[in-house]
Engineer: 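There's a structure below that I have some questions on.
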Protein chains: 2
Amino acid sequence: MKYIEKLRNSGLRPTKQRLQICEVLFNSEKTFHFTINELDQKIKKQASDKISLATIYNTVHAFEKKGYLKQIPINSNQTYFDTNISDHHHFYDLKEEKLIDLENADVGPINILKKINGKKIKSVEVLVKLED
Amino acid sequence: MKYIEKLRNSGLRPTKQRLQICEVLFNSEKTFHFTINELDQKIKKQASDKISLATIYNTVHAFEKKGYLKQIPINSNQTYFDTNISDHHHFYDLKEEKLIDLENADVGPINILKKINGKKIKSVEVLVKLED
DNA sequence: TCAGTAGTTTATAATGATTCTAAAAAGGTG
DNA sequence: CACCTTTTTAGAATCATTATAAACTACTGA
Ligand SMILES: [Mn+2]
Ligand SMILES: [Mn+2]
Ligand SMILES: [Zn+2]
Ligand SMILES: [Zn+2]
């Protein structure tokens, strides 16, 4: 199974529950943005077994730590994750409360001129808020 | 008093509590970033009277709505606000969990090439995560 | 193979930021 | 001062997230 490696790399044993979470996260053609709650709903529909919220949280956090998922910096009462782990940015539609991918090419190159002593840049993320 | 106008513009009457919140927020030489909890602590030290959390939340949200404060998009369990309402960006030091201002000039001009039908750009915010 | 061990799942409780409530207090107006 | 509206506040409610601990499962090595 193709997900076993992802799980092992993340320090997780390939259990039935985790493999089903992987199916929902990584089996779709397109990448997508989600909250834990939305993922839970999706799993309820697609997976054969019930999976506890605790397992979903744990698995998502392990993948995020390993870099198989990205957390999107945004102000919301829920944390947003992204299965698109490429270097990219986001529109946030304030009315619809929806995220839209902005590929790196859609944003010019970003050159951070200021340097902080002893620190290096881990990521540069742009959030573009949209209104009507 | 110089804060009365800010309060009236935000649709709020200038009460004793709100004026004290203004003192803490807008009387300092430098702008700063804060969570509601940090603001509460600061008020406890600087203000003569005790101010309830509900009042602090209400006042901060009214100022944010009016544009006298900015909310910073970041993943944290608490919401971060900024008294610097100029168009600017942020470093986020992952280890220290501290925000640092990045002036617009410190980031090259950002040109968003993708357009979304019927939507216009309200803001463009860059978050640069720092590690050691 | 299989018992032993370490890792996992789960229901449930705990936590903590934020929002809500409703009653008391203060502001504004004439 | 009366009257009415807005505000403050303590405390409760909400809700996303994390912690707990007991039952369950995967792996290992004899
Ligand atoms: Mn996390
Ligand atoms: Mn808010
Ligand atoms: Zn994305
Ligand atoms: Zn700032």
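Letters A, B, ... are given to chains in the order of the sequence lines, protein chains preceding strands, and every chain is numbered from 1.
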Engineer: Report the distance from atom CD1 of B:Ile51 to atom P of C:dA25, rounded to the nearest whole Å.
Structural biologist: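 Rounded to whole Å, this separation is 18 Å.
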Engineer: Below 6.0 angstrom between ring centroids: does that apply to B:Tyr92 and B:Tyr80?
Structural biologist: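 No.
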Engineer: Just by distance, with hydrogens left out, do A:His33 and A:Asp101 show a side-chain donor and acceptor under 3.5 Å apart?
Structural biologist: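 There is such a pair between these side chains.
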Engineer: Can you check the A:Asn37 CG to D:dA16 C1' distance for me, whole Å?
Structural biologist: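 Distance, rounded to whole Å: 9 Å.
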Engineer: Should A:His61 be listed as having a side-chain N or O under 4.0 Å from OP1 or OP2 of D:dT18?
Structural biologist: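 Yes, A:His61 has a side-chain N/O under 4.0 Å of OP1/OP2 on D:dT18.
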Engineer: Map A:Thr59 and B:Tyr80 onto DNA chain C by nearest heavy atom, then report which one ends up closer to the 5' terminus.
Structural biologist: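 Mapping each residue to its closest nucleotide by heavy atoms, the 5'-most match is A:Thr59.
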Engineer: Would you name the heavy atoms of B:Leu127 and B:Pro73 that are closest together and state the gap between them?
Structural biologist: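 Shortest heavy-atom separation between B:Leu127 and B:Pro73 comes out as CD2-O, 3.9 Å.
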Engineer: Has B:Asn104 got a side-chain atom pairing as donor or acceptor with B:Asp87's backbone, closer than 3.5 angstrom?
Structural biologist: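 Yes; judged by distance alone, with no hydrogens or angles, the pair exists.
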Engineer: Can you tell me which nucleotide in D:dT17, D:dA10, C:dA11 comes closest to the side chain of A:Thr79?
Structural biologist: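 It is D:dT17.
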Engineer: Let me know the distance between CG of A:Leu53 and C1' of D:dA16, rounded to the nearest Å.
Structural biologist: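 The distance from CG of A:Leu53 to C1' of D:dA16 comes to 10 Å, rounded to the nearest Å.
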Engineer: Between D:dT9 and B:Gln17, is there an OP1 or OP2 to side-chain N/O distance shorter than 4.0 Å?
Structural biologist: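 Yes, because at least one side-chain N or O of B:Gln17 sits under 4.0 Å from OP1 or OP2 of D:dT9.
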Engineer: Ignoring the backbone of B:Lys50, work out which of D:dT17, C:dT9, D:dA10 is nearest its side chain.
Structural biologist: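 Looking only at heavy atoms from C-beta outward on B:Lys50, the closest nucleotide is D:dA10.
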Engineer: B:Gln41 has an atom CD; how far is it from atom P of C:dG16, in whole Å?
Structural biologist: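 About 14 Å, once rounded to whole Å.
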Engineer: Given atom CG of B:Asp40 and atom P of C:dG16, what is their separation to the nearest angstrom?
Structural biologist: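 Distance, rounded to whole Å: 16 Å.
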Engineer: In this structure, are over 12 heavy atoms from other groups packed under 6.0 Å from B:Lys122 atom NZ?
Structural biologist: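 It does not: B:Lys122 NZ has 12 such atoms or fewer within range.
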Engineer: Mind calculating the distance between CG (B:Asn77) and P (C:dT18) to the nearest angstrom?
Structural biologist: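 Rounded to whole Å, this separation is 8 Å.
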Engineer: Check whether B:Ile116 and A:Val107 end up in the same hydrophobic cluster, where Ile, Leu, Val, Met, Phe, Trp and Tyr are linked by side-chain heavy atoms less than 4.5 Å apart.
Structural biologist: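 Cluster IDs for B:Ile116 and A:Val107 match.
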Engineer: Which nucleotide, D:dT9, C:dT9, D:dT17, lies nearest any side-chain atom of A:Tyr57?
Structural biologist: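 Of the options given, the side chain of A:Tyr57 lies nearest D:dT17.
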Engineer: May I have the distance from B:Gln20 (atom CD) to D:dT8 (atom C1'), rounded to whole angstrom?
Structural biologist: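 Atom CD in B:Gln20 sits about 13 Å away from atom C1' in D:dT8.
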Engineer: I'd like a list of close polar pairs between nucleotides 24-27 of chain D and the protein, N/O only, cut-off under 3.5 Å.
Structural biologist:
{"from": "D:dA26", "atom 1": "N3", "to": "A:Arg13", "atom 2": "NH1", "distance (Å)": "3.3"}
{"from": "D:dC27", "atom 1": "OP1", "to": "A:Arg8", "atom 2": "NH2", "distance (Å)": "2.9"}

Engineer: Work out which heavy atom in B:Thr79 is nearest to a heavy atom in B:Gln71; give both atom names and the distance.
Structural biologist: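 Minimum heavy-atom contact is CG2-NE2, 3.1 Å.
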Engineer: Picking from C:dA11, D:dT8, D:dT18, which would you name as closest to the side chain of B:Thr55?
Structural biologist: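 The nucleotide sitting nearest to the side chain is D:dT8.
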Engineer: Can you check the B:Asp49 CG to D:dA10 P distance for me, whole Å?
Structural biologist: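 In whole Å, D:dA10 P and B:Asp49 CG are 12 Å from each other.
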